[in-house]
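Inspection log for the structure reproduced underneath, given as C-alpha coordinates.
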There are 2 protein chains.
Amino acid sequence: MMSLESVPPKYAQLVQTIQRRIEAGTYAPGSLLPSENQLIQEFGVSRPTVVAALRVLREQGWIESQQGKGRFVRGRPALTSAEQPRLGQAYLTAPESTSPGEVMEAAALAAPNRIAALLGLAPKGKAFLRRRLVSRDGEPTELVSLWVPVEVSEGTDLTSAEPLPQGLRDHLQARKGVRFDHVVEQITARMPTAEETAQLGMPKNTPLLAVYGAVKDASGTALAVVEVLLPADRHELEDAYPIS
Amino acid sequence: MMSLESVPPKYAQLVQTIQRRIEAGTYAPGSLLPSENQLIQEFGVSRPTVVAALRVLREQGWIESQQGKGRFVRGRPALTSAEQPRLGQAYLTAPESTSPGEVMEAAALAAPNRIAALLGLAPKGKAFLRRRLVSRDGEPTELVSLWVPVEVSEGTDLTSAEPLPQGLRDHLQARKGVRFDHVVEQITARMPTAEETAQLGMPKNTPLLAVYGAVKDASGTALAVVEVLLPADRHELEDAYPIS
DNA sequence: CTTAGGCACTTGACCTATCAAGCGGGCTCT
DNA sequence: AGAGCCCGCTTGATAGGTCAAGTGCCTAAG
(Lines give C-alpha, C1' and ligand atoms only; values in the text may rest on other atoms or scores of the structure.)
Protein backbone atom coordinates (compact mmCIF):
# COMPACT_ATOMS: atom_id res chain seq x y z
CA MET A 1 0.00 0.00 0.00
CA MET A 2 1.54 3.26 -1.09
CA SER A 3 0.92 6.51 0.62
CA LEU A 4 -0.59 8.95 -1.85
CA GLU A 5 0.11 12.09 0.12
CA SER A 6 3.54 13.37 -0.76
CA VAL A 7 5.65 14.10 2.27
CA PRO A 8 7.86 17.17 2.16
CA PRO A 9 11.60 16.45 1.98
CA LYS A 10 13.38 15.99 5.25
CA TYR A 11 15.39 19.20 5.02
CA ALA A 12 12.17 21.18 4.57
CA GLN A 13 10.69 19.53 7.63
CA LEU A 14 13.80 20.46 9.56
CA VAL A 15 13.45 24.06 8.40
CA GLN A 16 9.91 24.16 9.73
CA THR A 17 10.84 22.55 13.03
CA ILE A 18 13.63 25.02 13.70
CA GLN A 19 11.45 27.95 12.67
CA ARG A 20 8.82 26.87 15.15
CA ARG A 21 11.38 26.55 17.91
CA ILE A 22 12.70 30.03 17.21
CA GLU A 23 9.19 31.44 17.32
CA ALA A 24 8.42 29.55 20.51
CA GLY A 25 11.57 30.88 22.14
CA THR A 26 13.20 27.49 22.52
CA TYR A 27 15.99 28.96 20.45
CA ALA A 28 16.12 32.54 21.72
CA PRO A 29 17.35 35.38 19.50
CA GLY A 30 21.04 36.00 20.01
CA SER A 31 21.66 32.53 21.35
CA LEU A 32 23.71 29.83 19.76
CA LEU A 33 21.89 27.24 17.71
CA PRO A 34 22.81 23.59 18.33
CA SER A 35 25.78 22.63 16.21
CA GLU A 36 25.48 20.54 13.07
CA ASN A 37 26.53 17.41 14.91
CA GLN A 38 23.96 17.96 17.66
CA LEU A 39 21.20 18.40 15.11
CA ILE A 40 22.37 15.30 13.25
CA GLN A 41 22.07 13.29 16.45
CA GLU A 42 18.76 14.76 17.54
CA PHE A 43 16.96 14.34 14.23
CA GLY A 44 18.76 11.28 12.93
CA VAL A 45 19.61 12.73 9.54
CA SER A 46 22.85 13.17 7.68
CA ARG A 47 25.00 16.25 7.56
CA PRO A 48 24.02 17.38 4.04
CA THR A 49 20.39 17.38 5.14
CA VAL A 50 21.13 19.50 8.20
CA VAL A 51 23.29 21.85 6.19
CA ALA A 52 20.62 22.22 3.52
CA ALA A 53 18.06 23.22 6.14
CA LEU A 54 20.42 25.67 7.82
CA ARG A 55 21.31 27.18 4.46
CA VAL A 56 17.65 27.89 3.77
CA LEU A 57 17.25 29.44 7.19
CA ARG A 58 20.29 31.63 6.68
CA GLU A 59 19.12 32.77 3.27
CA GLN A 60 15.74 33.64 4.74
CA GLY A 61 17.39 35.61 7.52
CA TRP A 62 16.38 33.46 10.50
CA ILE A 63 19.94 32.72 11.54
CA GLU A 64 23.44 33.84 10.72
CA SER A 65 26.50 31.68 10.78
CA GLN A 66 30.06 32.33 11.74
CA GLN A 67 32.77 29.94 10.80
CA GLY A 68 34.51 28.55 13.84
CA LYS A 69 31.89 29.73 16.31
CA GLY A 70 28.52 28.45 15.27
CA ARG A 71 25.13 29.67 14.12
CA PHE A 72 23.29 32.43 15.90
CA VAL A 73 19.56 32.92 16.10
CA ARG A 74 18.37 36.23 14.68
CA GLY A 75 14.62 35.68 15.03
CA ARG A 76 11.74 35.72 12.63
CA PRO A 77 12.82 37.79 9.64
CA ALA A 78 10.45 40.73 9.87
CA LEU A 79 10.85 42.28 6.50
CA THR A 80 11.65 40.25 3.45
CA SER A 81 11.16 43.20 1.14
CA ALA A 82 7.73 44.55 1.87
CA GLU A 83 5.63 43.56 4.81
CA GLN A 84 2.34 44.11 3.14
CA PRO A 85 1.75 43.81 -0.56
CA ARG A 86 2.17 47.08 -2.39
CA LEU A 87 -0.92 48.95 -3.29
CA GLY A 88 -0.66 48.30 -7.00
CA GLN A 89 -0.18 44.62 -6.44
CA ALA A 90 -3.01 44.38 -3.95
CA TYR A 91 -5.62 45.51 -6.43
CA LEU A 92 -4.30 43.13 -9.03
CA THR A 93 -4.52 39.95 -7.04
CA ALA A 94 -7.47 40.45 -4.72
CA PRO A 95 -10.91 39.80 -6.21
CA GLU A 96 -13.10 42.88 -6.39
CA SER A 97 -15.61 41.19 -4.14
CA THR A 98 -13.25 41.55 -1.17
CA SER A 99 -13.67 45.34 -1.17
CA PRO A 100 -17.20 46.72 -1.29
CA GLY A 101 -17.71 49.24 -4.02
CA GLU A 102 -19.63 50.33 -7.02
CA VAL A 103 -18.62 50.10 -10.67
CA MET A 104 -18.83 53.67 -11.96
CA GLU A 105 -17.70 53.19 -15.50
CA ALA A 106 -16.84 50.34 -17.87
CA ALA A 107 -16.20 51.43 -21.42
CA ALA A 108 -13.56 51.91 -24.08
CA LEU A 109 -12.42 55.50 -24.51
CA ALA A 110 -9.42 57.62 -25.39
CA ALA A 111 -6.82 57.19 -22.69
CA PRO A 112 -5.38 60.24 -20.93
CA ASN A 113 -1.80 61.06 -21.78
CA ARG A 114 -0.29 59.48 -18.73
CA ILE A 115 -2.20 56.23 -19.16
CA ALA A 116 -1.42 56.07 -22.86
CA ALA A 117 2.27 56.54 -22.11
CA LEU A 118 2.29 53.82 -19.48
CA LEU A 119 0.43 51.42 -21.79
CA GLY A 120 2.68 52.25 -24.72
CA LEU A 121 -0.25 53.50 -26.81
CA ALA A 122 -0.26 56.40 -29.24
CA PRO A 123 -1.52 59.66 -27.70
CA LYS A 124 -5.33 59.64 -27.71
CA GLY A 125 -5.17 55.88 -28.27
CA LYS A 126 -8.17 53.91 -27.09
CA ALA A 127 -8.13 51.82 -23.95
CA PHE A 128 -10.73 50.07 -21.91
CA LEU A 129 -11.52 51.69 -18.57
CA ARG A 130 -13.11 50.02 -15.58
CA ARG A 131 -13.52 52.43 -12.69
CA ARG A 132 -14.78 51.52 -9.23
CA LEU A 133 -15.59 53.64 -6.25
CA VAL A 134 -14.42 51.60 -3.28
CA SER A 135 -15.96 52.13 0.13
CA ARG A 136 -14.78 51.45 3.63
CA ASP A 137 -17.11 51.56 6.57
CA GLY A 138 -19.89 52.61 4.27
CA GLU A 139 -18.11 55.72 3.04
CA PRO A 140 -16.51 56.13 -0.37
CA THR A 141 -12.77 56.35 0.09
CA GLU A 142 -10.90 55.37 -3.06
CA LEU A 143 -11.32 55.57 -6.79
CA VAL A 144 -9.72 52.54 -8.42
CA SER A 145 -9.41 52.57 -12.19
CA LEU A 146 -8.18 49.77 -14.35
CA TRP A 147 -6.96 50.62 -17.84
CA VAL A 148 -6.26 47.87 -20.36
CA PRO A 149 -5.52 48.06 -24.08
CA VAL A 150 -8.67 47.23 -26.04
CA GLU A 151 -7.15 44.10 -27.54
CA VAL A 152 -6.44 42.76 -24.08
CA SER A 153 -9.93 43.55 -22.81
CA GLU A 154 -11.65 41.48 -25.51
CA GLY A 155 -13.00 38.22 -24.24
CA THR A 156 -12.89 39.21 -20.60
CA ASP A 157 -15.60 39.99 -18.06
CA LEU A 158 -14.37 43.54 -17.52
CA THR A 159 -17.56 45.04 -18.95
CA SER A 160 -19.64 43.46 -16.20
CA ALA A 161 -21.24 45.81 -13.69
CA GLU A 162 -20.86 43.10 -11.07
CA PRO A 163 -17.70 42.77 -9.01
CA LEU A 164 -15.32 40.27 -10.53
CA PRO A 165 -15.23 37.17 -8.33
CA GLN A 166 -11.69 36.47 -9.46
CA GLY A 167 -8.63 38.63 -9.04
CA LEU A 168 -7.73 40.60 -12.12
CA ARG A 169 -4.45 38.81 -12.35
CA ASP A 170 -5.97 35.35 -12.43
CA HIS A 171 -8.74 36.51 -14.74
CA LEU A 172 -6.44 37.92 -17.40
CA GLN A 173 -3.98 35.09 -17.08
CA ALA A 174 -6.74 32.52 -17.54
CA ARG A 175 -8.63 34.26 -20.34
CA LYS A 176 -5.82 35.80 -22.31
CA GLY A 177 -2.85 33.60 -21.51
CA VAL A 178 -0.67 36.55 -20.56
CA ARG A 179 1.81 36.35 -17.69
CA PHE A 180 2.32 39.21 -15.28
CA ASP A 181 5.95 39.70 -14.44
CA HIS A 182 6.51 42.99 -12.66
CA VAL A 183 4.97 46.32 -11.78
CA VAL A 184 6.30 49.82 -12.27
CA GLU A 185 4.68 52.05 -9.71
CA GLN A 186 4.50 55.84 -9.80
CA ILE A 187 3.23 57.98 -6.98
CA THR A 188 2.29 61.60 -7.32
CA ALA A 189 -0.17 64.11 -5.92
CA ARG A 190 -2.51 66.63 -7.50
CA MET A 191 -5.63 68.59 -6.74
CA PRO A 192 -8.85 66.68 -7.47
CA THR A 193 -11.29 67.65 -10.19
CA ALA A 194 -14.76 68.81 -9.20
CA GLU A 195 -16.17 65.42 -10.17
CA GLU A 196 -13.63 63.56 -8.03
CA THR A 197 -14.32 65.84 -5.09
CA ALA A 198 -18.00 65.03 -5.33
CA GLN A 199 -17.58 61.28 -5.79
CA LEU A 200 -15.13 60.92 -2.93
CA GLY A 201 -16.83 63.41 -0.64
CA MET A 202 -13.59 65.29 -0.08
CA PRO A 203 -13.16 68.48 1.91
CA LYS A 204 -12.02 71.62 0.14
CA ASN A 205 -8.36 72.17 -0.60
CA THR A 206 -7.32 68.58 0.03
CA PRO A 207 -4.92 66.99 -2.45
CA LEU A 208 -5.27 63.56 -3.99
CA LEU A 209 -2.59 60.91 -3.74
CA ALA A 210 -2.39 59.16 -7.09
CA VAL A 211 -0.77 55.75 -7.47
CA TYR A 212 -0.19 54.37 -10.96
CA GLY A 213 0.80 50.74 -11.27
CA ALA A 214 1.81 49.61 -14.74
CA VAL A 215 1.71 45.84 -15.01
CA LYS A 216 4.19 44.41 -17.47
CA ASP A 217 5.11 41.01 -18.79
CA ALA A 218 8.64 39.69 -18.89
CA SER A 219 9.40 41.49 -22.17
CA GLY A 220 8.34 44.84 -20.75
CA THR A 221 5.08 45.11 -22.67
CA ALA A 222 2.44 46.87 -20.60
CA LEU A 223 -0.65 44.77 -19.99
CA ALA A 224 -2.67 47.02 -17.73
CA VAL A 225 -2.46 50.11 -15.59
CA VAL A 226 -4.08 50.42 -12.19
CA GLU A 227 -4.80 53.96 -11.05
CA VAL A 228 -5.67 54.46 -7.40
CA LEU A 229 -6.83 57.86 -6.23
CA LEU A 230 -6.77 58.49 -2.48
CA PRO A 231 -7.82 61.62 -0.62
CA ALA A 232 -4.63 62.60 1.20
CA ASP A 233 -6.42 63.59 4.37
CA ARG A 234 -7.64 60.06 4.91
CA HIS A 235 -4.94 57.88 3.38
CA GLU A 236 -1.26 57.30 3.57
CA LEU A 237 1.01 54.81 1.92
CA GLU A 238 3.24 52.88 4.23
CA ASP A 239 6.00 50.52 3.38
CA ALA A 240 8.85 48.96 5.29
CA TYR A 241 12.05 47.59 3.91
CA PRO A 242 15.43 46.42 5.24
CA ILE A 243 18.54 48.50 4.74
CA SER A 244 20.87 47.01 2.16
CA MET B 1 55.40 30.03 -1.57
CA MET B 2 51.77 30.39 -0.77
CA SER B 3 49.37 32.47 -2.75
CA LEU B 4 47.89 35.16 -0.57
CA GLU B 5 44.94 36.03 -2.77
CA SER B 6 42.00 33.88 -1.79
CA VAL B 7 40.34 32.17 -4.70
CA PRO B 8 36.54 32.06 -4.71
CA PRO B 9 35.03 28.61 -4.22
CA LYS B 10 34.58 26.47 -7.28
CA TYR B 11 30.81 26.63 -7.27
CA ALA B 12 30.93 30.44 -7.23
CA GLN B 13 33.30 30.42 -10.18
CA LEU B 14 30.88 28.15 -12.01
CA VAL B 15 28.03 30.55 -11.27
CA GLN B 16 30.01 33.41 -12.80
CA THR B 17 31.02 31.41 -15.85
CA ILE B 18 27.46 30.38 -16.62
CA GLN B 19 26.17 33.91 -16.03
CA ARG B 20 28.69 35.24 -18.51
CA ARG B 21 27.69 32.63 -21.08
CA ILE B 22 24.04 33.52 -20.70
CA GLU B 23 24.81 37.20 -21.13
CA ALA B 24 27.02 36.47 -24.12
CA GLY B 25 24.27 34.42 -25.75
CA THR B 26 26.19 31.17 -25.67
CA TYR B 27 23.30 29.85 -23.62
CA ALA B 28 20.33 31.57 -25.26
CA PRO B 29 17.15 32.33 -23.27
CA GLY B 30 14.63 29.54 -23.65
CA SER B 31 17.26 26.99 -24.58
CA LEU B 32 18.26 23.96 -22.60
CA LEU B 33 21.31 24.28 -20.37
CA PRO B 34 23.88 21.47 -20.57
CA SER B 35 22.90 18.68 -18.20
CA GLU B 36 24.59 18.12 -14.88
CA ASN B 37 26.72 15.34 -16.30
CA GLN B 38 27.85 17.47 -19.21
CA LEU B 39 28.87 20.28 -16.88
CA ILE B 40 30.68 17.80 -14.64
CA GLN B 41 32.71 16.62 -17.60
CA GLU B 42 33.40 20.07 -19.02
CA PHE B 43 34.54 21.67 -15.77
CA GLY B 44 35.98 18.63 -14.06
CA VAL B 45 34.06 19.07 -10.81
CA SER B 46 31.75 16.80 -8.87
CA ARG B 47 28.00 16.75 -9.00
CA PRO B 48 27.35 18.55 -5.68
CA THR B 49 29.49 21.44 -6.91
CA VAL B 50 27.54 21.69 -10.15
CA VAL B 51 24.23 21.40 -8.30
CA ALA B 52 25.24 24.11 -5.82
CA ALA B 53 26.04 26.50 -8.67
CA LEU B 54 22.79 25.72 -10.49
CA ARG B 55 20.83 26.17 -7.28
CA VAL B 56 22.24 29.66 -6.85
CA LEU B 57 21.39 30.49 -10.44
CA ARG B 58 17.84 29.22 -10.00
CA GLU B 59 17.34 31.17 -6.79
CA GLN B 60 18.58 34.30 -8.52
CA GLY B 61 16.20 33.72 -11.42
CA TRP B 62 18.73 33.06 -14.18
CA ILE B 63 17.43 29.59 -14.95
CA GLU B 64 14.52 27.36 -14.08
CA SER B 65 14.64 23.62 -13.73
CA GLN B 66 12.21 20.89 -14.56
CA GLN B 67 12.65 17.42 -13.20
CA GLY B 68 13.01 14.88 -15.98
CA LYS B 69 13.66 17.44 -18.72
CA GLY B 70 16.50 19.69 -17.72
CA ARG B 71 17.27 23.30 -16.90
CA PHE B 72 16.12 26.15 -19.09
CA VAL B 73 17.75 29.52 -19.53
CA ARG B 74 15.60 32.48 -18.52
CA GLY B 75 18.14 35.27 -18.98
CA ARG B 76 19.50 37.98 -16.74
CA PRO B 77 17.02 38.54 -13.90
CA ALA B 78 15.66 42.03 -14.40
CA LEU B 79 14.33 43.09 -11.02
CA THR B 80 15.56 41.72 -7.78
CA SER B 81 13.28 43.78 -5.61
CA ALA B 82 13.81 47.43 -6.32
CA GLU B 83 15.79 48.73 -9.23
CA GLN B 84 16.81 51.98 -7.66
CA PRO B 85 17.20 52.64 -3.97
CA ARG B 86 14.15 54.07 -2.26
CA LEU B 87 14.03 57.74 -1.55
CA GLY B 88 14.35 57.38 2.20
CA GLN B 89 17.35 55.14 1.85
CA ALA B 90 19.02 57.37 -0.70
CA TYR B 91 19.21 60.35 1.65
CA LEU B 92 20.57 58.15 4.42
CA THR B 93 23.50 56.66 2.58
CA ALA B 94 24.61 59.39 0.17
CA PRO B 95 26.79 62.16 1.60
CA GLU B 96 25.19 65.57 1.56
CA SER B 97 27.96 66.83 -0.68
CA THR B 98 26.55 64.81 -3.60
CA SER B 99 23.47 67.01 -3.81
CA PRO B 100 23.96 70.76 -3.86
CA GLY B 101 21.93 72.57 -1.27
CA GLU B 102 21.85 74.93 1.62
CA VAL B 103 21.47 74.15 5.31
CA MET B 104 18.41 76.15 6.43
CA GLU B 105 18.20 75.10 10.02
CA ALA B 106 20.18 73.07 12.53
CA ALA B 107 18.83 73.23 16.06
CA ALA B 108 17.03 71.29 18.76
CA LEU B 109 13.35 72.10 19.06
CA ALA B 110 10.00 70.55 19.92
CA ALA B 111 9.18 67.92 17.31
CA PRO B 112 5.87 68.11 15.47
CA ASN B 113 3.36 65.42 16.37
CA ARG B 114 4.09 63.20 13.45
CA ILE B 115 7.84 63.27 13.96
CA ALA B 116 7.48 62.70 17.70
CA ALA B 117 5.28 59.68 17.03
CA LEU B 118 7.74 58.22 14.54
CA LEU B 119 10.66 58.78 16.90
CA GLY B 120 8.76 57.36 19.85
CA LEU B 121 9.02 60.62 21.81
CA ALA B 122 6.44 62.17 24.06
CA PRO B 123 4.29 64.80 22.36
CA LYS B 124 6.18 68.10 22.24
CA GLY B 125 9.34 66.16 22.99
CA LYS B 126 12.56 67.74 21.82
CA ALA B 127 14.45 66.53 18.81
CA PHE B 128 17.32 67.84 16.77
CA LEU B 129 16.38 69.13 13.33
CA ARG B 130 18.70 69.56 10.39
CA ARG B 131 16.89 70.96 7.36
CA ARG B 132 18.40 71.40 3.93
CA LEU B 133 17.01 72.99 0.80
CA VAL B 134 18.30 70.83 -2.02
CA SER B 135 18.69 72.26 -5.48
CA ARG B 136 18.81 70.70 -8.90
CA ASP B 137 19.95 72.65 -11.93
CA GLY B 138 20.32 75.71 -9.76
CA GLU B 139 16.69 75.73 -8.64
CA PRO B 140 15.46 74.71 -5.20
CA THR B 141 13.45 71.52 -5.57
CA GLU B 142 13.31 69.56 -2.34
CA LEU B 143 13.22 70.26 1.35
CA VAL B 144 15.02 67.48 3.19
CA SER B 145 14.76 67.40 6.98
CA LEU B 146 16.52 65.08 9.32
CA TRP B 147 15.11 64.61 12.79
CA VAL B 148 17.08 62.78 15.45
CA PRO B 149 16.46 62.43 19.19
CA VAL B 150 18.67 64.86 21.10
CA GLU B 151 20.59 62.07 22.80
CA VAL B 152 21.51 60.61 19.42
CA SER B 153 22.59 63.98 18.01
CA GLU B 154 25.15 64.59 20.75
CA GLY B 155 28.70 64.12 19.62
CA THR B 156 27.88 64.31 15.92
CA ASP B 157 28.60 66.91 13.27
CA LEU B 158 24.93 67.56 12.60
CA THR B 159 25.15 71.14 13.83
CA SER B 160 27.63 72.04 11.13
CA ALA B 161 26.45 74.45 8.47
CA GLU B 162 28.68 72.68 5.99
CA PRO B 163 27.45 69.67 4.03
CA LEU B 164 28.42 66.44 5.74
CA PRO B 165 31.15 64.73 3.70
CA GLN B 166 30.00 61.35 4.98
CA GLY B 167 26.61 59.71 4.54
CA LEU B 168 24.36 60.06 7.55
CA ARG B 169 24.32 56.32 7.97
CA ASP B 170 28.08 55.97 8.16
CA HIS B 171 28.35 59.08 10.32
CA LEU B 172 25.92 57.90 12.97
CA GLN B 173 27.18 54.35 12.89
CA ALA B 174 30.77 55.52 13.37
CA ARG B 175 30.09 58.17 16.02
CA LYS B 176 27.29 56.58 18.00
CA GLY B 177 27.78 52.88 17.40
CA VAL B 178 24.17 52.37 16.37
CA ARG B 179 23.20 49.98 13.61
CA PHE B 180 20.54 50.82 11.06
CA ASP B 181 18.34 47.84 10.31
CA HIS B 182 15.26 48.89 8.38
CA VAL B 183 13.16 51.82 7.30
CA VAL B 184 9.44 52.39 7.67
CA GLU B 185 8.37 54.75 4.96
CA GLN B 186 5.17 56.76 4.87
CA ILE B 187 3.99 58.74 1.90
CA THR B 188 1.29 61.35 2.03
CA ALA B 189 0.33 64.64 0.42
CA ARG B 190 -0.76 67.98 1.80
CA MET B 191 -0.91 71.62 0.86
CA PRO B 192 2.29 73.56 1.56
CA THR B 193 2.57 76.30 4.15
CA ALA B 194 3.28 79.83 3.01
CA GLU B 195 6.90 79.44 4.10
CA GLU B 196 7.34 76.23 2.14
CA THR B 197 5.78 77.78 -0.94
CA ALA B 198 8.28 80.60 -0.76
CA GLN B 199 11.32 78.43 -0.10
CA LEU B 200 10.53 75.98 -2.85
CA GLY B 201 9.24 78.55 -5.32
CA MET B 202 6.05 76.59 -5.90
CA PRO B 203 3.13 77.67 -8.04
CA LYS B 204 -0.23 78.30 -6.40
CA ASN B 205 -2.52 75.42 -5.61
CA THR B 206 0.12 72.72 -5.99
CA PRO B 207 0.26 70.00 -3.35
CA LEU B 208 3.37 68.71 -1.63
CA LEU B 209 4.39 65.08 -1.68
CA ALA B 210 5.69 64.24 1.76
CA VAL B 211 7.88 61.18 2.37
CA TYR B 212 8.70 60.19 5.94
CA GLY B 213 11.36 57.57 6.45
CA ALA B 214 11.76 56.32 10.01
CA VAL B 215 15.10 54.57 10.45
CA LYS B 216 15.05 51.85 13.07
CA ASP B 217 17.49 49.44 14.56
CA ALA B 218 16.89 45.73 14.83
CA SER B 219 14.88 46.10 18.03
CA GLY B 220 12.51 48.60 16.44
CA THR B 221 13.83 51.67 18.24
CA ALA B 222 13.67 54.71 16.00
CA LEU B 223 17.04 56.35 15.41
CA ALA B 224 16.14 59.09 12.98
CA VAL B 225 13.40 60.33 10.70
CA VAL B 226 14.01 61.71 7.25
CA GLU B 227 11.32 64.00 5.91
CA VAL B 228 11.41 64.80 2.21
CA LEU B 229 9.04 67.42 0.83
CA LEU B 230 8.58 67.46 -2.93
CA PRO B 231 6.42 69.80 -4.98
CA ALA B 232 4.06 67.41 -6.74
CA ASP B 233 4.18 69.28 -10.02
CA ARG B 234 7.86 68.58 -10.42
CA HIS B 235 8.41 65.27 -8.69
CA GLU B 236 7.11 61.73 -8.75
CA LEU B 237 8.13 58.64 -6.89
CA GLU B 238 8.80 55.62 -9.04
CA ASP B 239 9.52 52.09 -8.01
CA ALA B 240 9.55 48.76 -9.78
CA TYR B 241 9.10 45.35 -8.22
CA PRO B 242 8.48 41.79 -9.40
CA ILE B 243 5.12 40.15 -8.92
CA SER B 244 5.17 37.53 -6.19
C1' DC C 1 52.73 35.73 35.37
C1' DT C 2 52.62 35.96 30.66
C1' DT C 3 52.71 34.11 26.28
C1' DA C 4 52.82 30.82 22.60
C1' DG C 5 51.53 26.47 21.00
C1' DG C 6 48.37 22.86 20.56
C1' DC C 7 43.96 20.78 20.54
C1' DA C 8 39.00 20.43 20.19
C1' DC C 9 35.05 22.14 18.08
C1' DT C 10 32.84 24.68 14.76
C1' DT C 11 31.38 25.83 9.80
C1' DG C 12 32.69 25.77 4.61
C1' DA C 13 33.82 23.29 0.52
C1' DC C 14 34.10 19.28 -1.86
C1' DC C 15 33.98 14.34 -3.02
C1' DT C 16 31.75 9.56 -4.25
C1' DA C 17 27.78 7.26 -3.87
C1' DT C 18 22.51 5.56 -3.96
C1' DC C 19 17.62 5.80 -4.68
C1' DA C 20 13.38 8.14 -6.30
C1' DA C 21 10.66 10.59 -9.62
C1' DG C 22 9.54 12.75 -13.97
C1' DC C 23 10.03 12.74 -19.02
C1' DG C 24 10.62 10.93 -23.75
C1' DG C 25 11.93 7.94 -27.35
C1' DG C 26 12.13 3.47 -29.10
C1' DC C 27 10.94 -1.29 -29.09
C1' DT C 28 7.79 -5.02 -28.85
C1' DC C 29 3.59 -7.21 -28.89
C1' DT C 30 -0.92 -7.40 -30.56
C1' DA D 1 -0.36 0.32 -37.75
C1' DG D 2 -1.22 1.31 -33.18
C1' DA D 3 -0.93 0.90 -28.17
C1' DG D 4 1.56 0.09 -24.28
C1' DC D 5 5.68 -0.93 -21.87
C1' DC D 6 10.45 -0.31 -20.81
C1' DC D 7 14.77 1.78 -20.59
C1' DG D 8 17.77 5.68 -20.50
C1' DC D 9 18.25 10.46 -19.46
C1' DT D 10 17.23 14.10 -16.54
C1' DT D 11 16.80 16.50 -11.80
C1' DG D 12 15.81 15.93 -6.53
C1' DA D 13 16.97 14.10 -2.03
C1' DT D 14 19.91 11.90 1.02
C1' DA D 15 23.80 9.32 2.96
C1' DG D 16 28.52 8.83 4.16
C1' DG D 17 32.92 10.78 4.04
C1' DT D 18 37.61 14.20 3.77
C1' DC D 19 40.10 18.39 4.12
C1' DA D 20 40.55 23.35 5.14
C1' DA D 21 39.90 27.37 7.90
C1' DG D 22 38.38 30.04 11.86
C1' DT D 23 37.62 30.36 17.05
C1' DG D 24 38.48 29.64 21.80
C1' DC D 25 40.28 27.32 25.66
C1' DC D 26 43.82 25.02 28.09
C1' DT D 27 48.33 23.96 29.00
C1' DA D 28 53.13 24.13 29.03
C1' DA D 29 57.24 26.77 28.40
C1' DG D 30 59.68 30.96 29.18
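Worth saying up front: this structure is predicted, and the values here are computed from it rather than measured. In what follows, every chain begins at residue 1, and chains take the letters A, B, ... in the order their sequences are listed.
The distance between atom CD of A:Gln41 and atom P of C:dT10, rounded to the nearest whole Å, is 10 Å. Put simply, NZ on B:Lys10 is 19 Å from P on C:dG12, counting in whole angstrom units. Taking atom NZ on A:Lys69 and atom C1' on D:dG24, their separation rounds to 9 Å, with Å as the unit. Between the CG atom of B:Leu33 and the C1' atom of D:dT10 there is a distance of 13 Å, rounded to whole Å. Distance A:Leu39 CG to C:dC9 P: 16 Å, rounded to the nearest Å. Counting to the nearest Å, the P atom of C:dC15 and the CZ atom of B:Phe43 are 13 Å from each other. One atom, CD of A:Gln38, and another, P of C:dA8, lie 18 Å apart when rounded to the nearest Å. When the C1' atom of C:dT10 is taken as reference, atom CG of A:Leu54 falls 12 Å away, rounded to whole Å.
Which of D:dG12, D:dA15, C:dG12 sits closest to the side chain of A:Ser46 comes down to D:dA15. Residue B:Thr49 places its side chain closer to C:dC14 than to any other of C:dT11, D:dG12, C:dC14. For B:Ser65, whose side chain is taken as the heavy atoms from C-beta onward, the closest listed nucleotide among C:dA13, D:dT14, D:dG12 is D:dG12. Here D:dG12 is the nucleotide among D:dG12, C:dG12, C:dC15 with the atom lying nearest to any side-chain atom of B:Gln67.
Heavy atoms of B:Pro48 sit under 4.0 angstrom from at least one base atom. Using a 4.0 Å heavy-atom cutoff across all strands shown, B:Val51 reaches no nucleic acid atom at all. As judged by a 4.0 angstrom heavy-atom cut-off over every strand, B:Arg71 is placed among residues touching the sugar-phosphate backbone only. Contact annotation for B:Arg55: no contact, since no heavy-atom pair falls under 4.0 Å across all strands.
Here CH2 of A:Trp62 is found 4.5 Å from CD of A:Gln19. Values are rounded to the nearest 0.5 Å.
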query: Are A:Leu237 and B:Gln186 close enough, and set up right, to give a side chain to side chain contact (heavy atoms under 4.5 Å, CB included), and what steps lead you there?
result: CA-CA 5 Å; A:Leu237 306 174; B:Gln186 295 176 343; over 6 Å; no
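Put simply, B:Asn37 has no side-chain N or O that comes within less than 4.0 Å of OP1 or OP2 on D:dC9. Using a 4.0 Å cut-off, some side-chain N or O of A:Tyr11 falls inside it from OP1 or OP2 of D:dA13.
Residue-to-nucleotide proximity on DNA chain D shows that, of A:Gly44 and B:Glu36, the 5′-proximal contact is made by B:Glu36. Nearest-nucleotide assignment on DNA chain C puts the 5′-proximal partner with B:Arg47, out of B:Arg47 and B:Gln66.
Residue B:Glu42 places its CD atom among more than 12 non-hydrogen atoms of other residues, nucleotides or ligands, all under 6.0 Å distant.
We find that A:Glu227 and A:Arg131 are joined by a salt bridge, their nearest charged nitrogen and carboxylate oxygen being less than 4.0 Å apart. Taking a cutoff of 4.0 Å between a charged side-chain nitrogen and a carboxylate oxygen, A:Glu64 and A:Arg58 do not qualify as a salt bridge.
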